[in-house]
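All values below come from the heavy atoms of this structure, side chains included, with hydrogens, waters and symmetry mates left out. Each chain gets a letter, A, B and so on, in the order its sequence line appears, and its residues count up from 1.
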Protein chains: 2
Amino acid sequence: MRSSVPAEFPADTSLRSQVYDSLRDALTAGRFVPGQKLTLRFLAKALGVSLMPVREALRRLVAEGAFEMRPNRSVRVPLMTQAKILELRDIRMAVEGLAVGKAAALATREQIAGLRRIALEIVAARELGDSVTDRKKIREYHFALYAIADQPTLLRVIEGLWLQTGPYMNLLYPGFVSSPRGPEGRARLIRALQAHDAATARREIERDIGDALTYVADLADSAGNIAPASPIAAKRKRQPSKALPARPRGAALFQRAERL
Amino acid sequence: MRSSVPAEFPADTSLRSQVYDSLRDALTAGRFVPGQKLTLRFLAKALGVSLMPVREALRRLVAEGAFEMRPNRSVRVPLMTQAKILELRDIRMAVEGLAVGKAAALATREQIAGLRRIALEIVAARELGDSVTDRKKIREYHFALYAIADQPTLLRVIEGLWLQTGPYMNLLYPGFVSSPRGPEGRARLIRALQAHDAATARREIERDIGDALTYVADLADSAGNIAPASPIAAKRKRQPSKALPARPRGAALFQRAERL
DNA sequence: AATGCATTTTTGTGATCACAAATTGACGGT
DNA sequence: ACCGTCAATTTGTGATCACAAAAATGCATT
């Protein structure tokens, strides 16, 4: 009886994973300030749970590189540096390119049709200016694509990279999405999948990732980059705040996560 | 003043990280049986600590893919399947190839000299038949190489992949190391670094990883592969154990981690 | 005013406990 | 023998507490 698709997973109901989801969503939505220190008790109170679930969720996110643990044993939101974005760009191009190459060899007609449907939903959301569904569908498209490769370990690695890339992806809006290259690239990629042309498909996804993250990297200096390179520099008295171009306050960065 | 090497790190003294190290070492040394279920209380008693440090260490290892958590919320040692090894092979070729390509552009004379020294120590250990220092030096060589690329995020990803590959690497001994291609490959790679020839360096590391893990994958069927694809198959009565070539017992797999 | 020092508060860590879900084992019926 | 069923046990989860290290605060001295 049991179909290859397990119908429905039991879904983890533990408090720990709920807290994990909350923190992950808050992070990728950019609701934390880069460099912000996160204390267990603050998060526990904000989420209305005890320390334990927060401890475990936070530790997992640290292990996945979403947050970082200082030698002081305190956890903070990673700083946003141009170098890190470029690093993630190159890793993602390599790894997701690998996945797409394998997907090109295996893609079935149905899977390709599914991708095309999602691609249409993306342009629909974009025409409405609905950036939140836009992002959601972009993610859905990419992971549907990588799932075709049928490589669970590879997929895990990619998920980890997306988690680390997540906080930066807000910077794509609204400037980058106006570039009309996205839909064309997806169309070319889907055609390459149909033709089982692994090289072309791979080139397309690499260009996709490369363009987006290069754009984000160029913005990184002017945006949230508080980033002093050394902890020593951080001890310097606050500059008169005139040196930095007055951080874009509207850009949804706030000092204390008020409601997560 | 401050040199690029931070002299000495505070070093984490928490029980949690000690437990983490113990479990990681036991895993990569192959002291766990693939599929073995790990309970918190058993590990806590074996290591002489309470549940808490084991909980956190185990959770971290699960997040890193070293162990896997079943929907039942129990943790077990991942099964060893040929497909997974081939997956890890391809990912590692892509990612470590990327790192070496970057390293080739940056390698200094001193760094290259350091690599050559380690390469010599490898052949020395290998001549003595000392497989434990062999493995240690191989790891040291690879990570010294990747460190040249100076990409911390990339290095983290690679460490995660090595952690997942670790348990399989015992299978390289003693058969694979007798192949004399290793030293030659390292010599060619080092020459390519000197010439800043990124393409050649990359090709060499890919061949290194590819050869080793292809060899391991070929062994996977006959070795510890208990691996039924579906949990249903696992319920089948034990085969008369004649089908499998009597798992190499000397190879340090035992049912219960007696002392870790 | 700025700096050094002692005190207070905050924060992460590890231990212990209570509880519910899952696993195991025994038992009885078919 | 084969399987459901129920009880006993094991096991993960979350809460709470104690403690030590770290951070913040206050205060006195220069």
Checklist line | Nearest-nucleotide 5' precedence on DNA chain D, S50(A) against N72(B) | finding: N72(B)
Check: Are K137(B) and E140(B) close enough for a salt bridge, meaning some N to O gap below 4.0 Å?
Finding: yes
Checklist line | P53(B) or R73(B), whichever maps to the more 5' nucleotide of DNA chain C | finding: P53(B)
Notebook entry, point to check: Can any side-chain N or O of E56(A) pair as donor or acceptor with the backbone N or O of R16(A) at less than 3.5 Å?
Noted result: no
Notebook entry, point to check: With a 4.5 Å limit on heavy-atom distance, are the side chains of L213(B) and M169(B) in contact?
Noted result: yes
Check: With a non-hydrogen cut-off below 4.0 angstrom, is L58(B) in contact with a base, only sugar-phosphate, or nothing?
Finding: nothing
Next item on the list: Evaluate the criterion salt bridge (Lys or Arg N to Asp or Glu O under 4.0 Å) for residue pair D90(A) and K102(B); output intermediate values, then yes/no.
Entry: CA-CA 10 Å; D90(A) 294 342; K102(B) 304 216 179 215; 2.3 Å; yes
Margin query: Reading DNA chain D from 5' to 3', where do the contacts with chain B start and stop? Cut-off is 4.0 Å to heavy atoms.
Written below: dT11(D) to dG14(D)
Next item on the list: Ignoring hydrogens and angles, tell me if any N or O in the side chain of T39(A) forms a donor-acceptor pair with the backbone of F42(A) under 3.5 Å.
Entry: yes
Item checked: Worked check of salt bridge (Lys or Arg N to Asp or Glu O under 4.0 Å) between D12(A) and R73(B) -> CA-CA 9 Å; D12(A) 194 351; R73(B) 296 178 171 176; 3.5 Å; yes
Margin query: Rounded to the nearest 0.5 Å, what separates atom CZ in R60(B) from atom OG in S17(B)?
Written below: 8.0 Å
Polar-atom pairs under 3.5 Å, protein N or O versus N or O of nucleotides 7-10 of chain C: list them with distances, or write none.
none

Notebook entry, point to check: Which comes earlier along DNA chain D counting from the 5' end, the contact point of L38(B) or that of R55(A), where each point is its nearest nucleotide?
Noted result: L38(B)
Notebook entry, point to check: Can you find a pair of side-chain heavy atoms, one from R31(A) and one from L23(A), that are under 4.5 Å apart?
Noted result: no
